[in-house]
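Just so it is clear: chains get the letters A, B, ... in the order the sequence lines come, proteins before strands, and each one is counted from 1.
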Number of protein chains: 2
Amino acid sequence: MSISSRFSVGIHILTLIDFNKEEARSSEYLAASVNTNPAVIRKIMAMLKKAELIEVRPGVAGAKLAKELSDISLLDVYKAVNVVKENELFSMHDTPNPKCPIGKNIQQAIEPLFVSAQLAMEKVLGNITLEDVMKDIAKKENTEC
Amino acid sequence: MSISSRFSVGIHILTLIDFNKEEARSSEYLAASVNTNPAVIRKIMAMLKKAELIEVRPGVAGAKLAKELSDISLLDVYKAVNVVKENELFSMHDTPNPKCPIGKNIQQAIEPLFVSAQLAMEKVLGNITLEDVMKDIAKKENTEC
DNA sequence: TTACATGTAATCATTTTAGTTACAGGATGG
DNA sequence: CCATCCTGTAACTAAAATGATTACATGTAA
């Protein structure tokens with residue numbers, strides 16, 4: 001299993017929108033950079049819009065970031081594109097046998113441990129911003145896109 | 001998406017084996033506690049055996065832990081049941097456009113960030129042992145199983 | 001009104017998961 | 001030795017999720 005690439009594509013889109021802030025780019029343009037279908041991009045952009053990370057108008061090319069790059073964390077994007085449900089990164093097996101002391105109590109014993117592991121991961125994402133990502137990209141390249 | 005329940009079932013199996021260490025239990029017995037099919041249990045036990053967490057003999061009921069509960073971390077189980085590939089908790093979209101400076105560099109920029117988030121999660125799992133789980137269960141119940 | 005954009009539903013192939021059945025082969029006691 | 005119970009494992013299935021694709025309704029603006 002693996003967390004959906006919607007997350008990395010979401011980061012890509014946001015970074016690309018900022019990079020092109022002087023020009024109004026269509027979903028087709030963004031799709032060409034990501035290398036996928038424009039409808040896929042529009043679907044993800046709908047999620048980013050719902051999370052108030054971008055502003056898009058129906059029928060009009062050129063989405064804009066709703067916040068500064070430095071005010072958008074990877075966790076914001078992660079939550080926006082809905083790749084992992086709250087406290088459900090790890091799935092539990094359904095209905096273990098309640099007649100067995102292990103079966104009866106294992107889920108309650110394990111769940112807080114799983115949650116703490118998930119939160120540790122999400123905390124790391126919360127401490128990284130899109131500005132960090134952009135700076136790293138800028139280190140390597142300065143050309144037009 | 002969600003990490004396979006093989007992980008929680010693996011924890012369940014190991015804990016249950018230890019709980020029943022005085023009696024030789026079959027995969028059918030374990031399956032009844034987990035509430036699944038014996039073949040599913042045997043498949044997961046094959047992985048736990050390969051990771052040297054348990055000792056099982058073909059044809060003979062009664063697997064035994066290869067180590068103490070306190071020497072088996074949740075991370076050991078997690079790796080044994082192969083629920084997440086190394087450094088691939090987050091998936092990347094394939095082949096972004098190399099002609100675009102963002103597309104060209106985004107993956108290299110993002111990957112180490114994803115890896116650090118994954119490692120933070122795995123570190124938490126590495127600091128929890130099956131003994132911790134068992135103690136929590138024992139707090140709630142002391143009956144036979 | 002024409003051209004081009006977003007929004008979104010419907011469909012599809014692929015992959016993964018978990019369950020199920022079936023059976024080969026090991027172990028053991030009578 | 002053989003009947004019985006076990007593990008090991010392959011093959012098949014249903015269900016769910018992902019990402020791609022097509023199609024089209026609707027919005028915008030020159």
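Nucleotide dA18(C) holds its P atom 14 Å from the CE atom of M92(A), rounded to whole Å. Between L30(B) atom CG and dT7(D) atom P the separation is 8 Å, expressed in whole Å. Whole-Å rounding puts the I3(A) CD1 to dG19(D) P distance at 12 Å. When the P atom of dA9(C) is taken as reference, atom CG of N37(A) falls 16 Å away, rounded to whole Å.
Residue contacts for A61(B): at a heavy-atom cut-off of 4.0 Å it reaches the sugar-phosphate backbone alone, with no base atom in range. K50(B) comes within contact range of no nucleotide atom at all, as no heavy-atom separation falls under 4.0 Å.
For the pair K49(B) and dG8(D), the criterion of a side-chain N or O lying under 4.0 Å from OP1 or OP2 is met. T36(A) has a side-chain polar atom (N or O) that falls below the 4.0 Å cut-off from OP1 or OP2 of dA20(D). OP1 and OP2 of dC5(D) both lie 4.0 Å or more from every side-chain N or O belonging to S26(B). Contact annotation: S27(B) reaches the phosphate of dT7(D) (side-chain N/O to OP1 or OP2, under 4.0 Å).
Of the candidates K64(A), K67(A), M45(A), M45(A) is the only one forming a side-chain contact (heavy atoms from CB on, under 4.5 Å) with I54(A).
K139(B) has a carboxylate O that lies under 4.0 Å from a charged side-chain N of D136(B), or vice versa, which qualifies the two as a salt bridge.
Side-chain atoms of D76(A) and S73(A) form a donor-acceptor pair, as typed in the model, at a separation below 3.5 Å.
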For nucleotides 24-30 of chain D, give me one character per nucleotide, 5' to 3': B if any protein heavy atom sits under 4.0 Å from the base, S if the only such contacts are to the sugar-phosphate, - if neither. ---BSS-

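Two residues, A39(B) and V83(B), neighbour DNA chain C, and the one matched to the more 5' nucleotide by heavy-atom proximity is V83(B).
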